[in-house]
Amino acid sequence: MDFEKQNDTFTTPIQSANGFLFIIAQYILRVFVIAFTLAGAIITATAYESVTVFGIVMDAKYTYSAAFRYKVVADSVVCGVSVLSVVILIALNRPKSNPKNYFYLFLNDLGSLLLLLSGCSSALAIGYVAQFGEQKMGWIMICDRVSQYCHKTTAAIVSTFIAVICLLFLTILSAYKLKSARI
């Protein structure tokens, strides 16, 4: 059997295949995070609808809600950081790289996960009030009047939640890589 010397330990071809699958999974999940956060930011930022109710023009756009603005910023920041994490991942997969550096990738994934989850959750809370209202507070639902806007923001929130799930898997993969690295 062909054995390779790597980081002062011997790895079998099966372990090398697992490492290859790990790297491919990392790249695919990071590309998904980039795509879904970019889609979430663009859909939210371009969602707009204007309707007339009893002679009063009512506009619905993301800049009117702090939660939606925060979601767009969170999506954009995580998208940018994920692009940088792809570059970091390329550097970490070089033959002479130190496996201890995966800790920084783990922190990056965890921070991105928390930021994106908070942005998406805040937008979801406002979306829920827009969809169903809050009778005890006297807040009326508006999605019956601006349904196109609500459908677009729902699609953006779903897109961002898919990115959250991908980041959760990336965080788990990074933690697993740290655990399995012989330091």
Is [Y] close to [X] at the side-chain level, that is, under 4.5 Å between some pair of heavy atoms?
X	Y	value
Gln26	Ser174	yes
Thr160	Phe36	no
Ile42	Leu38	yes
Phe103	Asn108	no

Smallest separation among heavy atoms of [X] and [Y], with atom names:
X	Y	value
Glu49	Gln148	OE1-N, 3.0 Å
Gly40	Ser159	N-OG, 3.6 Å
Ser50	Val57	OG-CG1, 3.5 Å
Leu110	Thr171	N-OG1, 3.9 Å
Val78	Leu115	CG2-CD2, 3.9 Å
Met141	Gly133	CB-N, 3.6 Å

Taking the side chain from Ser147 and the backbone from Asp144, do they hold a donor-acceptor pair closer than 3.5 Å?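 No: the side chain of Ser147 does not pair with the backbone of Asp144.
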
Tell me whether Glu134 contacts the main-chain N or O of Val129 through its side chain, where contact means a donor paired with an acceptor under 3.5 Å.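 Not at all, since once roles are kept as given, no pair shorter than 3.5 Å links the two residues.
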
Give the C-alpha distance, both sets of side-chain angles, the deciding distance and a yes or no for side chain to side chain contact (heavy atoms under 4.5 Å, CB included) between Ile88 and Tyr104. CA-CA 9 Å; Ile88 293 169; Tyr104 301 113; over 6 Å; no

Atom [atom1] of [X] and atom [atom2] of [Y]: how far apart are they, to the nearest 0.5 Å?
X	Y	atom1	atom2	value
Leu89	Ile23	CG	CD1	7.0 Å
Leu170	Leu105	CG	CG	8.0 Å
Ile126	Ser121	CD1	OG	12.0 Å
Leu167	Ser85	CG	OG	8.5 Å

For the residue pair [X] and [Y], confirm or rule out a side-chain donor-acceptor distance under 3.5 Å.
X	Y	answer
Thr37	Asp75	no
Arg30	Ser82	no
Tyr62	Thr46	no
Lys71	Ser122	no

With a 4.5 Å cut-off on side-chain heavy-atom distances among I, L, V, M, F, W and Y, is there a chain of contacts connecting [X] to [Y]?
X	Y	answer
Tyr149	Trp139	no
Val86	Val81	yes
Met58	Tyr48	no
Ile172	Leu117	yes
Val72	Leu116	yes

Could you check Ser118 against Tyr70 for side-chain hydrogen bond (donor to acceptor under 3.5 Å, both in side chains), going step by step and ending with a plain yes or no? CA-CA 9 Å; Ser118 67; Tyr70 178 62; 2.7 Å; yes

Close aromatic pair by centroid cut-off 6.0 Å: Tyr102 and Phe106: no

Phe161 atom CZ: more than 12 heavy-atom contacts under 6.0 Å: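 Enclosed.
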
Other residues, nucleotides and ligands only: do more than 12 of their heavy atoms fall within 6.0 Å of OH on Tyr128? no

